[in-house]
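Values below: every heavy atom of this structure, side chains too, minus hydrogens, waters and symmetry copies.
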Amino acid sequence: MRATLDFCLNGEAVSLGSEKTAEDPSRTLLTWLRERRGLVGTKEGCAEGDCGACTVVLAEIDPAGQLRYFPVNACILCLGALDGRDVITVEALNDHPVQRAMVDCHGSQCGFCTPGFVMALYAHYKHANGVPTADAIAGNLCRCTGYRPILEAAERARGLGDAGHDHAEDEARRARISALPRDSTLIGKRFLVPATVDELARFLVDHPQATILAGGTDVGLWLTKQHRDLDAVAFTGRVAEMKVLEEKANHFEIGAAVTYAEAYTALTGIHPDIGELLRRLGAVQVRATGTLGGNIANGSPIGDSMPFLLALGSSVTLQRGASQRTIPLESFYTGYRKTVLQPGEFIRSVRVPKLAPGARFAVYKLSKRFDQDISSVCAAFHVAAGEARFAFGGMAATPARARKAEAAFKDGIDAACAALAEDFKPLSDQRASAWYRLTAAQNLLRKFAMGISSREILTL
């Protein structure tokens, strides 16, 4: 096992961890770039992954052997998550088509946000993969230009590219990444980047209070907003067994370290509403690092993935040491941000059932802002084989099913909506009042019921 953190930065091999290059692997990439490397093109705006001014691009070779580019928020990304990857900052771009197009289309005014936009567009240029341009920059905020010239620049950049140069750049990057060590590393005896699930399990048994770091989209805020020190950390992003996504006859088995971006196609294939929900979950930078397993383990009552997972009847496989157990997701939460996880135990995978033929399903998200906003209410509805499963986020201390409303649904929508008021007594906060949440939840149930025939309701 190594004792160094090895990655590439703008074409240069970097190894951190020796006496001369010692760094805290839990510090953010943004502060390291600016304070240690003098790469100040990457800006700090919000320090919470919302504005995109800190966007850089990571490149890695995925399990299928493909070179993959994705934008990330450097302000909430721990250095330890870089192991085995290539980091590209705005300083590495030299008259790139995206930069020329931004100039030609007048896509910059004050310039503070421009490096982040350039890097988001660079990732889109290299690896669009069907993502609409507007979605590619939804995680980047600009107060000066509006977004029309930036969107025009994204389209113009395509025509300015040189396919031969792009291919040569990709192959050189692939060679650099392939030359990096692939085994596990333990930095300073407290930050583990394991390559196998067994190594992760052993570390967590020995360090049961360790922070399990996946995408870091929540843990990053502990560092930037709460100024917390992390004593022991295990990063799951390179655990081979937890990066597997398998399709079975009736379900998908999704490793807890699979990112939203990697799981998007599979989950959208279950139902288009899930894809639309994921498209609004954070921004492309968040979906590139955030994981389904992390969102579940976080235990937030307003986590967007849990309602549809609960409505589908998903389950989670937990592991501690060599022992595993599988439980329904609805049994996972015991209170506000509390779960059944024991010290040293972690989520290994998530089992997400497919919809049966003829099933009725819908997911709805209500938020003050369409893109990149936390839900006021998130709801998922599933009716199949004589059973109704309704799940909500933002209505209680945990994501939860509305069991009384489910039982009453056979008696009609009015009965189900009345029962919903018995299922939940939501709180008022800065996102919504209790009255709004309950009324909105009832209206979403009515909306779903409009697409179901009375005969289907009577068969429940």
Heavy-atom closest pair (C75 atom, T224 atom, distance to 0.1 Å) is O-CG2, 3.3 Å
Can you find a heavy atom in the side chain of R287 that is under 4.5 Å from one in the side chain of T259? no
Assess whether atom NZ of K225 is packed by more than 12 heavy atoms of other residues, nucleotides or ligands within 6.0 Å. yes
What's the shortest heavy-atom distance between C144 and Q109, and which atoms? CB-CB, 3.6 Å
For T114 and S108, which heavy atoms make the closest approach, and how far apart are they? OG1-OG, 2.7 Å
Whether R100 side chain and L160 backbone form a donor-acceptor pair below 3.5 Å: yes
I'd like to check F308 versus I270 (side-chain heavy atoms, cut-off strictly below 4.5 Å). Are they in contact? no
Quick one: do D86 and R174 satisfy salt bridge (Lys or Arg N to Asp or Glu O under 4.0 Å)? Show the steps, please. CA-CA 9 Å; D86 191 10; R174 176 188 291 276; over 6 Å; no
Nearest 0.5 Å, please: how far is CZ in R369 from CD1 in I374? 9.0 Å
Between N73 and E48, do the side chains contain an N or O donor and an N or O acceptor separated by less than 3.5 Å? no
With the side chain counted from C-beta on, respond yes when M242 and I347 share a heavy-atom pair under 4.5 Å apart, and no when they do not. no
Salt-bridge contact R27-E35 (side-chain N to carboxylate O under 4.0 Å): yes
Quick check: does any side chain N or O of R351 sit under 3.5 Å from a backbone N or O of H251, one acting as donor and the other as acceptor? no
What do the steps show when you test Y69 against D170 for side chain to side chain donor-acceptor pair (under 3.5 Å), and what is the final call? CA-CA 10 Å; Y69 294 84; D170 290 345; 2.6 Å; yes
Minimal non-hydrogen separation, I177 against A59, with atom names: CD1-O, 3.5 Å
With rounding to the nearest 0.5 angstrom, report the OG to CG distance, S305 to N295. 3.5 Å
side-chain contact (heavy atoms from CB on, under 4.5 Å) partner of C8, chosen from V14, L180, V87: L180
Output for pair (F235 CZ, L5 CG), nearest 0.5 Å, gives 10.0 Å
ring-ring contact (aromatic ring centres under 6.0 Å, His included): pairs with one or both residues in residues 81-103, sequence neighbours excluded: H96-Y122, H96-Y125
Does anything in residues 24-67 pair up under ring-ring contact (aromatic ring centres under 6.0 Å, His included), and if so which pairs, sequence neighbours excluded? F7-W32
Considering all heavy atoms of both residues, which atom of T236 and which atom of A257 are nearest to each other, and what is their separation? O-CB, 3.4 Å
Residues S367 and R280: side-chain donor-acceptor under 3.5 angstrom: yes
Does a side-chain N-to-carboxylate-O contact under 4.0 Å join R348 and E241? no
Can you tell me how far the CG atom of L230 sits from the CG atom of L213, to the nearest 0.5 Å? 8.0 Å
Mind checking whether H271 and H382 have side chains closer than 4.5 Å, heavy atoms only? no
From M119 CE over to L93 CG, what is the distance, rounded to the nearest 0.5 angstrom? 5.0 Å
Looking at E169 and K126, does any basic side-chain N land under 4.0 Å from a carboxylate oxygen? yes
Testing the basics here: between A283 and A138, what is the closest heavy-atom pair and its distance to 0.1 Å? CB-C, 4.2 Å
Would you mind reporting whether R34 and K43 have side-chain heavy atoms less than 4.5 Å apart? yes
Can you confirm whether more than 12 heavy atoms, excluding those of D162, are under 6.0 Å from its CG atom? yes
Any salt bridge linking D273 with K365? Criterion: basic side-chain nitrogen under 4.0 Å from a carboxylate oxygen. no
Which residues satisfy the salt bridge (charged side-chain N to carboxylate O under 4.0 Å, His left out) test with E152, sequence neighbours excluded? R148
State, with a plain yes or no, whether a side-chain heavy atom of P399 is found less than 4.5 Å away from one of L310. yes
Who pairs with C417 by side chain to side chain contact (heavy atoms under 4.5 Å, CB included), at least two apart in sequence or on another chain? I413, Q442, L445, R446
For F392, check ring pair (Phe, Tyr, Trp, His ring centres under 6.0 Å) against everything at least two apart and list the hits. F381, F424
Could you check V244 against E253 for side-chain contact (heavy atoms from CB on, under 4.5 Å), going step by step and ending with a plain yes or no? CA-CA 8 Å; V244 174; E253 196 76 25; over 6 Å; no
Can you confirm whether D6 sits close enough to D83 that some side-chain heavy atom of one is under 4.5 Å from a side-chain heavy atom of the other? yes
Any donor-acceptor pair under 3.5 Å linking the side-chain atoms of N298 with those of S300? no
Measure the shortest side-chain to side-chain distance between E276 and V363 over non-hydrogen atoms and say whether it is less than 4.5 angstrom. no
What distance separates I150 CD1 from C142 SG, expressed to the nearest 0.5 Å? 4.5 Å
Please set out all donor-acceptor pairs under 3.5 angstrom arising from side-chain atoms of residues 311-318, sequence neighbours excluded.
{"residue": "S314", "atom": "OG", "partner": "L309", "partner atom": "O", "Å": "3.0"}
{"residue": "T317", "atom": "OG1", "partner": "T326", "partner atom": "OG1", "Å": "3.0"}

